[in-house]
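First comes the structure, then the notes that go with it.
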Protein chains: 2
Amino acid sequence: MLSQKARYALRALFVLGEHEGNEPIMIADIAEQAKVPRKFLEQILLDMKRRGIVHSQRGKFGGYTLGRDPDDIDFAEVIRVIDGPLALSPCASRTAYRRCDDCEDETTCAIRKVLLAVRDATAEILESRTLAQAIMDEKTAKKRKRRN
Amino acid sequence: MLSQKARYALRALFVLGEHEGNEPIMIADIAEQAKVPRKFLEQILLDMKRRGIVHSQRGKFGGYTLGRDPDDIDFAEVIRVIDGPLALSPCASRTAYRRCDDCEDETTCAIRKVLLAVRDATAEILESRTLAQAIMDEKTAKKRKRRN
DNA sequence: TATAAACTCTACTGAGTCAATAGAGATTAA
DNA sequence: TTAATCTCTATTGACTCAGTAGAGTTTATA
């Protein structure tokens, strides 16, 4: 399961990505639009800031902007920053590998083999879906819906 | 992440599936071979028994056997019984769908669309990998390793 | 029919995580 | 200098996870 925090992070990025113009948006405004508790959002944005996904401007008239082009922000990165590795087991993780301490022989473990396949499929999808795409996608879905 | 409990469940099934002959195996023996705390394993086997994955025989000389052919036990079922739905969000689950209460419009939500793709890919893999296959796979991997 | 050997069921516990809140601190524009 | 903003660390309550405990039920068999 994705944590609530990760869902909030993605929604906040949508707000930033949909914003026209390049002046920063205040946490309070992002919180309201993305329907995220404000103080909780502070932590989330801080995590993403440290990773360079968003950029902040302190002081009066400060706020947040995307840290890079929305084409260069993918779902996998956001989820990894907030929730940790994608794999179902540390022994099947490529970004945060860790041996199972009760595993007889990892190289022949059939469970691990299946979990690796799942991890690869998951990563393939999440790494290929960008914020830019998702925002476009949502826009056209809404447009299509209004027409019907 | 898979829970420890689910990993234990899979290991216990391997022990049952590798067992030759059809007399039942006692919890204590499964626990030892699968390296699972015995009392914890009781709960796990009970969960799987209710789902028909394993079968139990009470009383003296009792124990556990597989509830069906190992060809008909797949990873997805085991994981669902122990850990719940595979999807990363209830709104993306096919077996345990639940609406997000803070979602504006689920039909146009781009996050959900991505999570659905992940769920489908995950389910495809986990539903196609059976216990029988996994046991075979592990056996040949071990054999190959010994030869080298 | 008594007994030992097994599974069954419910309750409990300690550690840890999750979601959220709180508040003092640092920075900036004007 | 001040108001507005982000930054950082601590705390909280509820919940989940991993495991333990123990009384109850069923069965084979002597």
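When reading the values below, keep in mind they use all heavy atoms of this one structure, side chains included, and skip hydrogens, waters and symmetry mates. Below, read A as the first sequence line, B as the second, and so on, with proteins coming before strands; counting in each chain starts at 1.
- Between the CD atom of A:Gln4 and the C1' atom of C:dT17 there is a distance of 15 Å, rounded to whole Å.
- Residues A:Ile25 and A:Thr65 fail the side-chain proximity criterion, which asks for heavy atoms closer than 4.5 Å.
- Remark: A:Phe75 engages no residue in a ring-ring contact (aromatic ring centres under 6.0 Å, His included) (not counting sequence neighbours).
- Here A:Leu45 lies out of heavy-atom contact (under 4.0 Å) with every strand.
- Ranking C:dA4, C:dC7, C:dT21 by closeness to the B:Lys60 side chain, first place goes to C:dA4.
- In this entry the distance linking CG of B:Asp29 with P of C:dA5 reads 14 Å, nearest Å.
- Side-chain N/O atoms of A:Arg58 and base N/O atoms of C:dA26 include a donor-acceptor pair closer than 3.5 Å.
- Using a 4.0 Å heavy-atom distance criterion, B:Arg7 is classed as making no nucleic acid contact.
- Both A:Ile135 and A:Val54 belong to a single network of hydrophobic side chains, linked directly or stepwise wherever heavy atoms of I, L, V, M, F, W or Y lie under 4.5 Å apart.
- Between A:Phe61 and A:Tyr8, it is A:Tyr8 whose nearest contact on DNA chain C lies nearer the 5' terminus.
- Exactly one residue among B:Asp74, B:Leu66, B:Asp71 makes a side-chain contact (heavy atoms from CB on, under 4.5 Å) with B:Leu131. That residue is B:Leu66.
- Residues A:Thr108 and B:Lys142 bring no donor and acceptor atom of their side chains to less than 3.5 Å of each other.
- An end-to-end axis angle of 10° holds for the helix from C:dT1-D:dA30 to C:dA30-D:dT1, taken from five base pairs per end and rounded to 10°.
- Nucleotide C:dA6 holds its P atom 15 Å from the CG atom of B:Leu41, rounded to whole Å.
- A:Arg112 places a side-chain heavy atom less than 4.5 Å from the side chain of A:Glu106.
- Two residues are said to be in side-chain contact when any heavy atoms from C-beta on lie closer than 4.5 Å; A:Tyr64 and A:Leu41 fail this criterion.
- Between B:Ile25 atom CD1 and C:dC7 atom C1' the separation is 15 Å, expressed in whole Å.
- The nearest whole Å value for the distance from the CZ atom in B:Phe40 to the C1' atom in C:dA11 is 15 Å.
- Contact check for B:Met48 versus B:Arg51: no side-chain heavy atoms found under the 4.5 Å cut-off.
- Note on B:Ser56: a side-chain N or O is less than 4.0 Å away from OP1 or OP2 of C:dT8.
- Phosphate proximity of C:dA6 to B:Arg38: absent, as no side-chain N or O sits under 4.0 Å from OP1 or OP2.
- When only modelled atom types and interatomic distance are considered, B:Ser3 and B:Asp83 share a side-chain donor-acceptor pair under 3.5 Å.
- For DNA chain D, the outermost nucleotides in 5' to 3' order that have an atom under 4.0 Å from a heavy atom of chain A are D:dA4 to D:dA10.
- Residue B:Tyr64 has no polar side-chain atom (N or O) positioned under 4.0 Å from OP1 or OP2 of C:dA6.
- A straight line from CG of B:Asp102 to P of C:dA19 spans 12 Å, rounded to a whole angstrom.
- Under 3.5 Å, the side chain of B:Glu42 and the base of C:dC9 form at least one donor-acceptor pair of N or O atoms.
- Hydrophobic clustering keeps A:Met1 apart from A:Val78 (ILVMFWY residues linked when any side-chain heavy atoms are closer than 4.5 Å, directly or through intermediates).
- Between the C1' atom of C:dA6 and the CD atom of B:Glu23 lies a distance of 15 Å, rounded to the nearest Å.
- Contact annotation: B:Lys49 does not reach the phosphate of C:dC7 (side-chain N/O to OP1 or OP2, under 4.0 Å).
- In this entry the distance linking CE of A:Met26 with P of C:dA29 reads 16 Å, nearest Å.
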